[in-house]
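Here the structure is laid out as structure tokens; the discussion comes afterwards.
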Amino acid sequence: MFIYFLIKLELPWRWTAPEAITKQKFTPASDIWSFGITLWEIFTLCSQVPYVGLNNTEVVEQVTHYGLRLPKPDYTGTTSENLEVCAFE
């Protein structure tokens, strides 16, 4: 299954929540998703882009259809890990 848009949307796909991609519904929850991706970048010390090795189309497909999530960063502490878990739930 693929997602087709009648108009070209310019979104930061790697930071966009699945429901924002599929339903174009932007909520506080989708903002938290984006914040979680940003936290992931911080805790990986910006060593790679989110979903490295995938192009934007593959990111959209993997996140929305197959439930792909970013791996837990190696560099986390208890407090930051609790924040991430809340952000990714």
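Because only heavy atoms are used, hydrogens play no part in the values below, and waters and symmetry mates are left out as well, while side chains stay in.
Residues satisfying the side chain to side chain contact (heavy atoms under 4.5 Å, CB included) criterion with N56, sequence neighbours excluded, are W13, R14. Applying the side chain to side chain contact (heavy atoms under 4.5 Å, CB included) rule to P28 yields no partners; only residues at least two apart in sequence or on another chain are considered. Remark: E19 pairs with A17, T27, A29, S30 by the side chain to side chain contact (heavy atoms under 4.5 Å, CB included) rule, at least two apart or across chains.
I32 CD1 to L39 CG: the interatomic distance, rounded to the nearest 0.5 Å, is 11.0 Å. Note that OG1 of T16 is 6.0 Å distant from CZ of F26, once rounded to the nearest 0.5 Å. How far CG of L11 is from CD of Q24: 8.0 Å, rounded to the nearest 0.5 Å.
By the rule that hydrophobic residues join a cluster once side-chain heavy atoms approach within less than 4.5 Å of another member, V49 and F43 end up as members of separate clusters.
Of all non-hydrogen atoms in T44 and P73, the two that sit nearest each other are CG2-CB, 3.7 Å. Heavy-atom minimum distance, W15 versus W33: O-CD1, 3.5 Å. When every heavy atom of P18 is checked against every heavy atom of V63, the shortest pair comes out as CG-CG1, 3.5 Å.
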* To do: Would you please test W40 and R69 for side-chain contact (heavy atoms from CB on, under 4.5 Å) and show each step?
  => CA-CA 11 Å; W40 181 88; R69 300 298 182 259; over 6 Å; no
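Counting only heavy atoms from C-beta outward, the side chains of E61 and Y66 approach each other to under 4.5 Å. Counting heavy atoms from C-beta on, the side chains of L68 and V59 never come closer than 4.5 Å.
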